[in-house]
There are 2 protein chains.
Amino acid sequence: MATATFDAFTAACPSRKLLDTLSDKWVSLAIVALGLSGSLRYSELAARIEGVSQKMLTQSLRRMERDGLVTRTVTPSVPVRTDYELTELGRSLMPVMRHIKEWAEEHMAEVEQARAAYDAA
Amino acid sequence: MATATFDAFTAACPSRKLLDTLSDKWVSLAIVALGLSGSLRYSELAARIEGVSQKMLTQSLRRMERDGLVTRTVTPSVPVRTDYELTELGRSLMPVMRHIKEWAEEHMAEVEQARAAYDAA
DNA sequence: CCGAATCCCCAGGGATACTG
DNA sequence: CAGTATCCCTGGGGATTCGG
């Protein structure tokens, strides 16, 4: 019934915006990373997701936290320690995100062939 | 073995860029629409994917065609008719894209609750 | 009807510097 | 260590116009 009330094909539907948010490489990579490791510190995430800036990583994590996908646990030690973990909602998203990442990796060669053929024509 | 040679966590890996391309709401919506209907004209696609501009739709379709995800068939009638269809490669991507779209629709309510709770705090 | 081409604007996102 | 704040600039993407 939830599928009946929301439709991402509709421009004004909230799920369109959510789809847009989920369609973010940093978000998908963060979810896969957290899904594989269970729990990760900020610096560990930054290391795994090579090339992400602190701004983008923090921004993505905040949005994910707000959307209920991850929990953020701050340990007020010196220096501070912050751990991120997928919520149950976030974990339900993990298989999907992993698949899209793996699809890109598994079909990269085919895509490159297609590009070469297209560019040659 | 393809999964061993490509890793989207690595910044310089081609699959990172591909993941970025796949992480595009217009691309995902186009794939789902084509997957559901089999074959669609340009104008039909534009109608289904509400709110997309011609520029973005054309741009997305071109990139998808170049990457071997869709075929583009032009019928030189008057006026011209252009049909798009998923390739086998594109069809293999369909389930993934459908899942992410459906996830957004099915969990929209939960996400909205999480947002309300976050904003209240 | 299906685009290509152009103009233009603003927000996404990187680099850098500062704080608890 | 884990951010926040600021600057700055590229390019995403909408609106419009023209062509076949």
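Reminder, nothing fancy here: chain letters follow the sequence lines and each chain counts from 1.
For the pair A/L29 CG and C/dG13 P, the computed distance is 13 Å after rounding to whole Å. Straight-line distance from the CZ atom of A/R81 to the C1' atom of C/dG20: 18 Å, rounded to whole Å. Between the OH atom of B/Y84 and the C1' atom of C/dC2 there is a distance of 8 Å, rounded to whole Å. The nearest whole Å value for the distance from the CG atom in B/L61 to the P atom in C/dC1 is 17 Å. A/Q59 has its CD atom 19 Å from the P atom of D/dA2, to the nearest Å. Rounded to whole Å, atom P of D/dT16 lies 16 Å from atom CE of B/M56. Rounded to whole angstrom, the span from the CZ atom of B/R62 across to the P atom of D/dG13 amounts to 18 Å. The separation between A/D20 atom CG and D/dG14 atom C1' is 15 Å, rounded to whole Å.
Residue order along DNA chain C, read from the 5' end via each residue's closest nucleotide, puts A/K25 first among A/P79 and A/K25.
Taking every side-chain heavy atom of A/S43 into account, D/dC1 is the closest of C/dG14, C/dG3, D/dC1. Which of D/dG3, C/dC7, C/dA4 sits closest to the side chain of B/K55 comes down to C/dC7. Out of C/dG14, D/dT16, D/dG3, the shortest distance to the side chain of B/Q54 is found at D/dT16. The side chain of B/D24 sits closest to D/dG13 out of C/dG3, D/dG13, D/dC1. Distance from the side chain of A/T58 is smallest to D/dG3 among C/dG3, D/dC1, D/dG3.
Between B/K101 and B/E105 a salt bridge is recorded (basic side-chain N to carboxylate O distance below 4.0 Å). Using a 4.0 Å cut-off between charged nitrogen and carboxylate oxygen, A/K25 and B/D20 count as a salt-bridge pair.
The closest donor-acceptor contact from the side chain of B/S60 to the backbone of B/W26 lies at 3.5 Å or more, if one exists at all. Remark: side-chain polar atoms of B/E112 are not paired, donor with acceptor, to backbone N or O of B/A109 under 3.5 angstrom. Side-chain atoms of A/S15 never come within 3.5 Å of backbone atoms of A/F6 as a donor-acceptor pair (strictly under, hydrogens ignored).
The shortest distance between the side-chain N/O atoms of B/T82 and the OP1/OP2 oxygens of C/dG3 is below 4.0 Å. The phosphate of D/dG3 (OP1 or OP2) has a side-chain N or O of A/R72 nearer than 4.0 angstrom. At C/dC1, none of the side-chain N or O atoms of B/R41 fall inside 4.0 Å of OP1 or OP2 (strictly under the cut-off).
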